[in-house]
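Read through the structure below, which is laid out as structure tokens, and then see the notes.
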Amino acid sequence: MSKTFRIAPSILSANFARLGEEVDNVLAAGADIVHFDVMDNHYVPNLTIGPLVCEALKKHGVTAPIDVHLMVKPVDRIIPDFAKAGATYITFHPEASEHVDRTIALIRECGCKPGLVFNPATPLDVLEYTLDKLDMVLLMSVNPGFGGQKFIPYVLDKARTVRQMIDARGLDVSLEIDGGVGPGNILEVAKAGVDTFVAGSAVFGAAKASDPHHYDTVIAALRSELAKA
Ligand code: DX5
Ligand code: ZN
């Protein structure tokens, strides 16, 4: 049986001056999900985009799932805004919320799919109590804040652990990884049990202004590696 893998380009590395077109092009090239990195210059040392940009993408006509990765603290205040703006998934870092269970419930009440994000060195202990309430577990394979960093290999062990937890409980929870993923390592990440792959610089770094189909090649390269899993 072939597994379902999803590719989620991170728009952090897109050309923000023409974001709608960039998103259209990666989706036309075969990407499945739009990974939307929200940074607040507080929880992480960088500042990016918020609900207005999510809403603008929806109004532009994006129908693919939007995977909102909140790197903000506090978390709860901004969740209803992202729900109204059209987010599909909303994931947050447990250490950024005072009340993790409440935040998960809030995301669900707002009509979105909740997920928890774990930094490379953050233990997985809260999953013991929360996994069955989640649609997504996102493992950071870099420290959050910037695109273009190097993949941290020990996160593969963490991925195997989470995959075992999901399967042992018979749950339908996506396991996503974020940071330093590209054609050179996506296969070993898939073999560790990951099904959803964020790739920012690997995808948008392939941009060539002269070629309107510039993302086809890199998405095809990711897919052909995944086909070996
Ligand atoms: C980092 C972000 C990532 C980032 C990944 O904090 O969460 O989504 O865009 O970028 P790459 O794929 O370049 O490591
Ligand atoms: Zn991210």
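Worth saying up front: this structure is predicted, and the values here are computed from it rather than measured. For the single chain, residues carry numbers from 1 onward in sequence order. What you see below is based on every heavy atom in this structure, not just the backbone, and it leaves out hydrogens, waters and symmetry mates. Indexing begins at 1, ligand by ligand and atom by atom, following the structure's order.
Between the side chain of E225 and the backbone N or O of N185, no donor-acceptor pair lies under 3.5 Å. Checked by atom type and distance alone, the side chain of K158 pairs as donor or acceptor with a backbone atom of P120 at under 3.5 Å. D195 places a side-chain N or O within 3.5 Å of a backbone atom of L175 that can act as its donor or acceptor partner. Of the possible donor and acceptor atoms, none in the side chain of N15 sits under 3.5 Å from a partner among the backbone N and O of F204. Of the possible donor and acceptor atoms, one in the side chain of S224 sits under 3.5 Å from a partner among the backbone N and O of A221. In this structure a side-chain-to-backbone donor-acceptor pair under 3.5 Å is present from T161 to D157. Listed for the D40 side chain is a donor-acceptor partner under 3.5 Å among the backbone atoms of Y43. A donor-acceptor pair under 3.5 Å is absent between the side-chain atoms of T196 and the main chain of E176, judged by distance alone.
The ligand atoms of ligand 1 that sit less than 4.0 angstrom from a heavy atom of D178 are 2 (C), 3 (C), 4 (C), 5 (C), 7 (O), 8 (O). Short contacts between ligand 1 and H35, defined as distances under 4.0 Å to a heavy atom of the residue, involve ligand atoms 8 (O). Those atoms of ligand 1 with a heavy atom of G179 less than 4.0 angstrom away are 14 (O). Which parts of ligand 1 touch M39 is read off a 4.0 Å heavy-atom cut-off, strictly below it: atoms 6 (O). For ligand 1, the atoms lying closer than 4.0 Å to a non-hydrogen atom of M140 are 7 (O). Listed by number with element, the atoms of ligand 1 under 4.0 angstrom from any heavy atom of P144 are 6 (O). Atoms of ligand 1 lying under 4.0 Å from at least one heavy atom of H69, given by number and element, are 7 (O). Of all the atoms in ligand 1, the ones that sit under 4.0 Å from a non-hydrogen atom of M71 are 6 (O), 7 (O).
Hydrophobic clustering (side-chain heavy atoms under 4.5 Å, transitive across Ile, Leu, Val, Met, Phe, Trp, Tyr) keeps F118 apart from M71. I66 and V75 fall within a single hydrophobic cluster, where Ile, Leu, Val, Met, Phe, Trp and Tyr side chains are chained together by heavy-atom contacts under 4.5 Å.
When only non-hydrogen protein atoms are considered, atom 13 (O) of ligand 1 lies nearest to S201 OG, 2.5 Å. For atom 9 (O) of ligand 1, the closest non-hydrogen atom of the protein is S10 OG, 2.7 Å. When hydrogens are left out, the protein atom nearest atom 14 (O) of ligand 1 is G180 N, 2.8 Å; that is the closest non-hydrogen contact. The protein heavy atom nearest to atom 10 (O) of ligand 1 is G147 CA, 3.5 Å. The protein non-hydrogen atom at the shortest distance from atom 12 (O) of ligand 1 is G200 N, 2.7 Å. Counting only heavy atoms of the protein, atom 1 (C) of ligand 1 lies nearest to F146 O, 3.5 Å. The shortest contact between atom 6 (O) of ligand 1 and any protein heavy atom is with G145 N, 2.8 Å.
Of all N/O/S atoms in D37, OD1 sits nearest the Zn ion (ligand 2). Residue D178 approaches the Zn ion (ligand 2) most closely through its N/O/S atom OD2. Take the N/O/S atoms of H69: the one nearest the Zn ion (ligand 2) is ND1.
Side chains of H99 and D76: a donor-acceptor N/O pair is absent below 3.5 angstrom, by distance only.
With a heavy-atom cut-off of 4.0 Å, A199 touches ligand 1 through its backbone alone.
Taking the six-membered ring for Trp and the full ring otherwise, the centers of H69 and F36 sit at least 6.0 Å from each other.
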